[in-house]
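Notes for the one structure printed next.
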There are 2 protein chains.
Amino acid sequence: MSTAQARAVFDSAGPFQPTEIQRRELQPHDILIEIKYAGICHSDIHSARGEWGPVQYPFVPGHEIAGIVAAVGSAVTKHAVGDRVGVGCMVDSCGECVHCHEGEEQYCLEGMTGTYGSVDRYGQYTQGGYSSHIVVTEDFVVRIPDALSLEAAAPLLCAGITTYSPLRHWDVKAGQKVAVVGLGGLGHMAVKFAHAMGAEVTVLSQTLKKKEDGLKLGADHYYATSDVETFKSLAGSFDLIINTVSAQIDINAYLSLLAVDGTLVNVGAPAEPLPVQVFSLIGKRRSFAGSSIGGIRETQEMLDFCAEHNITPEIEVISADRIDEAWERVMKSDVKYRFVIDIATL
Amino acid sequence: MSTAQARAVFDSAGPFQPTEIQRRELQPHDILIEIKYAGICHSDIHSARGEWGPVQYPFVPGHEIAGIVAAVGSAVTKHAVGDRVGVGCMVDSCGECVHCHEGEEQYCLEGMTGTYGSVDRYGQYTQGGYSSHIVVTEDFVVRIPDALSLEAAAPLLCAGITTYSPLRHWDVKAGQKVAVVGLGGLGHMAVKFAHAMGAEVTVLSQTLKKKEDGLKLGADHYYATSDVETFKSLAGSFDLIINTVSAQIDINAYLSLLAVDGTLVNVGAPAEPLPVQVFSLIGKRRSFAGSSIGGIRETQEMLDFCAEHNITPEIEVISADRIDEAWERVMKSDVKYRFVIDIATL
């Protein structure tokens, strides 16, 4: 075992405190990463507070991890000491089921091992990236292209892949009409990706407060969902809607914005069910779908896509003593558009 | 105008009474059909009773129509007097929008003209197939292959195409696992089609009452949904679920039966919304979709498929004086599996 510095919450109410955690000894295929930056994802908050099920404390969140390879196990071939690498929401999977073979480890039939809050195949409770070091099997470590700074790369490991994957899966092409609901950490990435893929991009946000930002990020149109006219004027418009909002929304109003054969994909999940009027699906052969992060191969593809298209998230780098404050601001949607912890300040 | 005999309800409570209705004079592209058989669809009942919105009385239902061409307008090229033909749920559309051009007139942006209960482009309230004659523009009249009897062809025009179309759209292939929820008029056709397409077919029915039938129709497996074990043992199994039940179901339980990337398609619509737990979609990138009948080209393809694969619905032919009784039995699911009215008894 090796000791890593970390910031943890010790109960569901917080606050964060410095602590030490143990990382496992390097196994033949393991990589020891010196973490440089860790993004703050809304999921960190839900998980740490036990809102998505019980967790163990002390709890170290963080699944948007960028760093440098510090050591490698004896059989590692994919990365070398000094490489710039990243780790996202998963650190392992069975490797044998149909989905693992297809490179979609997030849908592993045995269940993937989450970067935090999971029990890994060594029986250890996983702890995340608000930490100085992490040990991860090489298959779950991706390469960060030189064109991307480590701090900008971090949020791509969750916010990036979570929005890139459904845009690819539903095959967004030039000329298609894509709407993004919510302009936060995920939403602003969805806008950048959809724009880079050639789509005509519309942001649907509660108010017009961030309109100027949205248009700068690549949106062609920006509408306030608090305005009922929005739903009238955009009825039947979109080929794809990416809903990044985890709160309860009037799902039928949003489904009514889809064209024939259009799909609304939730990448966030409200705790309460959404009451779907089936007529709103049948009348135009619409679909309501969900999507979870992306596989390792696709995560690498996404990072390369970002490097090629010069796409990076809008970030605010903070020191480790400001995590509690940052979480409060995330809860109030007061972030443009992702907090990234400078792990050197741990 | 020409006079046709018909059976109509005169208010939402019924019963049926013989009456006379007017059909329009033949326009250049019109076809006068002498109706031989008309299927009884659950939609007829919902519509006639005003459950799907207000209708005009007297009201003549019927959108599963099979008959013989009795006369043609001056410019008709697609059918000739004496041809065996059918008419389904629509009798017209704008013909100019993207969906009409794609042959998916059911999704016409101006709204297709329903076979009954619609106002057509001549300003006339459309009346359905429980009638001796109907006048329909040639583009909405399909050819019934010689291999199919007229009485067996009738239910294909709605129950057939409504289930065939989603199986085709979601691209069912040999070896795929398809579940059909409900073994009624639509469900029994879905089983036959999915089986003919090479899928491994499972019927999910409330009880095992019709199990023997289901297996004869082509199902490989038959499960009772009243048994909670069904949902445990089939979790994550199906590539496609066709839900033919219009009543409220526990949608999350059914979604849990889908494999990764699986889709549950509703072809019936309950009046009340279905509360969807979004986590049940996200975890396996599942979709919840709806589908409405099929286009004219696909309806012809479906009839030809039936002729080629020797597929016909299971029907019970009744005389016109038994429509009320048949409706009562449809309401109680006491039909194997489609009533067809012998229009000669009108």
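Chain naming here is simple, since letters A, B, ... match the order of the sequence lines and numbering starts at 1 in each.
Within residues 283-300 of chain B, the residues having any heavy atom closer than 4.5 Å to a heavy atom of chain A are B/G283, B/K284, B/R285, B/R286, B/S287, B/F288, B/A289, B/G290, B/S291, B/S292, listed by residue number. Contacts of residues 167-177 of chain A with chain B at a heavy-atom distance below 4.5 Å involve A/H169, A/W170, listed in sequence order. Contacts between residues 236-262 of chain A and chain B, defined by a heavy-atom separation under 4.5 Å, are made by A/V260, A/D261.
Heavy-atom neighbours of B/E102 CD from other residues, nucleotides or ligands within 6.0 Å: above the threshold of 12. The number of heavy-atom neighbours closer than 6.0 Å to CD of A/E51, taken from other residues, nucleotides and ligands shown, is above 12. Atom CD of A/E96 has 12 or fewer neighbouring heavy atoms from other residues, nucleotides or ligands inside a 6.0 Å radius. The environment of CD in B/E301 is crowded: more than 12 heavy-atom neighbours from other residues, nucleotides or ligands sit within 6.0 Å.
Of the two parts of A/L109, only the side chain, counted from C-beta on, holds a non-hydrogen atom closer than 4.5 Å to a non-hydrogen atom of chain B. The part of B/S165 that comes within reach of chain A is its side chain, from C-beta onward, which places non-hydrogen atoms under 4.5 angstrom from that chain. Only the backbone of B/V267 comes within less than 4.5 Å of a heavy atom in chain A; its side chain stays farther off. Interface remark: A/E104 contributes side-chain atoms only to the contact with chain B (heavy atom separation under 4.5 Å).
Side-chain atoms of B/L274 and A/V278, non-hydrogen and from C-beta on, do get closer than 4.5 Å to each other.
Here the shortest heavy-atom pairing between B/G268 and A/I282 reads O-CD1, 3.6 Å.
Partners of B/D220 by side chain to side chain contact (heavy atoms under 4.5 Å, CB included), not counting sequence neighbours, listed by chain and number: B/E200, B/V201.
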